[in-house]
> 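Here it is, the structure, as structure tokens.
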Amino acid sequence: MKGSSSDVLLARFADCIFWLARYVERAENLARILDVNETFSRDTRGGQNWRSIVQLNSDEERFFATHPAATAQSVVKFYVIDSANPTSIVSAIRYARENARTLRPLISTEMWVQLNVFYNRLAALGEDDVTPGRLAALFGSIKEACQTHTGITEGTFFRDQGWYFYQLGRYIERADQTTRLLDIKYHLLLPSPSDVGSPTDVSQWNALLRSAAGYHAYRRLHTARTTPARVAGFLLLNQAFPRSVHHCVREVSRLLSEVKSRYALHHANDAAEELDRLRAVLGTLDISTILSDGLHEFLDLMQQQLNAVTRDLSIAFFGYSPEASQAQTVTPQ
């Protein structure tokens, strides 16, 4: 993959940078969801809440092959320290480190050292470290380490082609995770008519916002009663919230346009067209229309189009067909 000058980025390096960003983003997102779930699952929906995390990652078959029930203990162990589970946090950071190892000539020493230390710390965790009394501190440290990686990358990663592919991976992963979280949790949290507006109802919707790191931003916009429609609209359509689907899609579209024009990369037209369609839909529909037509169907379409963007980028820039993609082995489908 070549630009118009001596600035050349090999396809395998672009691929590794793209997935490095996705795995770190995925690990932070999962730690946030587990943390919030552990805090807010001590009610009548507790069992459903833990099972919903398994569903969110499309892991029912793998999980129930070795676990009789989705309890707090079994789900946390499965998603934090189980190295045999490719969707666990320890696996995500291992994949990130493997990509970073390939990228040693390109990434900063600070990026490599922090990620290496982070992985070694996770790999050393045992069952005693995921007991209820230790989870809050553990999840806090995982989120902080992921955010530290992001900050170090922001401050030390050279702004060449690699930077753009890192950002592309980060925002595609973020949009995908937001659609999955909203798809699973929205229907789980819909209360019975008698629960609407009750303290339990409101606390659960606030928990969903916290899972997406959006609680404080949401409260800046909506000081009145929290409603399912407002929460869904905020996570899908708000253009100022950095984890909303609309914001992420807009950033991916901008980044792809810049990398194509700045480095004379005349590829990925299919991805650009998919992104244009996504932006058009997100920019014209309101949340009431989306809900009346079916939120699940809408989110399923979003996920299909994000997968199509990843597939098109893989073909255009990374030099492989989707069947050979890293995404096929570790990305929830």
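All values below come from the heavy atoms of this structure, side chains included, with hydrogens, waters and symmetry mates left out.
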> Would a line drawn from the ring center of His67 to the ring center of Phe78 be shorter than 6.0 Å?
yes

> Could you tell me whether Glu144 atom CD has more than 12 heavy atoms of other residues or ligands within 6.0 Å of it?
no

> Which residue pairs satisfy the side-chain hydrogen bond (donor to acceptor under 3.5 Å, both in side chains) criterion with at least one member in residues 282-297, sequence neighbours excluded?
Asp183-His296, Asp286-Ser288, Asp286-Thr289

> Given the rule that I, L, V, M, F, W and Y join up when any side-chain heavy atoms are under 4.5 Å apart, are Val231 and Tyr215 in one cluster?
yes

> Got a sec: does the CD of Gln73 have more than 12 other heavy atoms crowding it under 6.0 Å?
no

> Can you hop from Leu291 to Leu236 via hydrophobic side chains spaced under 4.5 Å?
yes

> Using 30° and 60° as the class boundaries, would you call the ring planes of Phe157 and Tyr166 parallel, tilted or perpendicular?
perpendicular

> Is it true that Val309 and Leu301 fall in one hydrophobic cluster, defined by side-chain heavy atoms closer than 4.5 Å?
no

> If two hydrophobic side chains count as joined below 4.5 Å and joins carry through other members, does Tyr164 share a cluster with Ile152?
yes

> If we check side chain to side chain donor-acceptor pair (under 3.5 Å) with Asn37, which of these qualifies: Arg210, Lys185, Arg32?
Lys185

> Is there any side-chain hydrogen bond (donor to acceptor under 3.5 Å, both in side chains) pair reaching into residues 229-254, and which pairs are they, with sequence neighbours excluded?
Glu25-Arg243, Glu28-Arg243, Gln239-Arg250, His247-Arg250, Glu251-Arg254, Ser253-Arg279, Arg254-Glu258

> Distance from Arg159 atom CZ to Arg262 atom CZ, nearest 0.5 Å?
11.0 Å

> Drop me the distance from Gln305's CD to Leu275's CG, to the nearest 0.5 angstrom.
9.0 Å

> Establish, yes or no, whether a centroid distance under 6.0 Å links the rings of Phe317 and Phe18.
no

> Is the shortest side-chain heavy-atom distance between Ile17 and Asn99 below 4.5 Å?
no

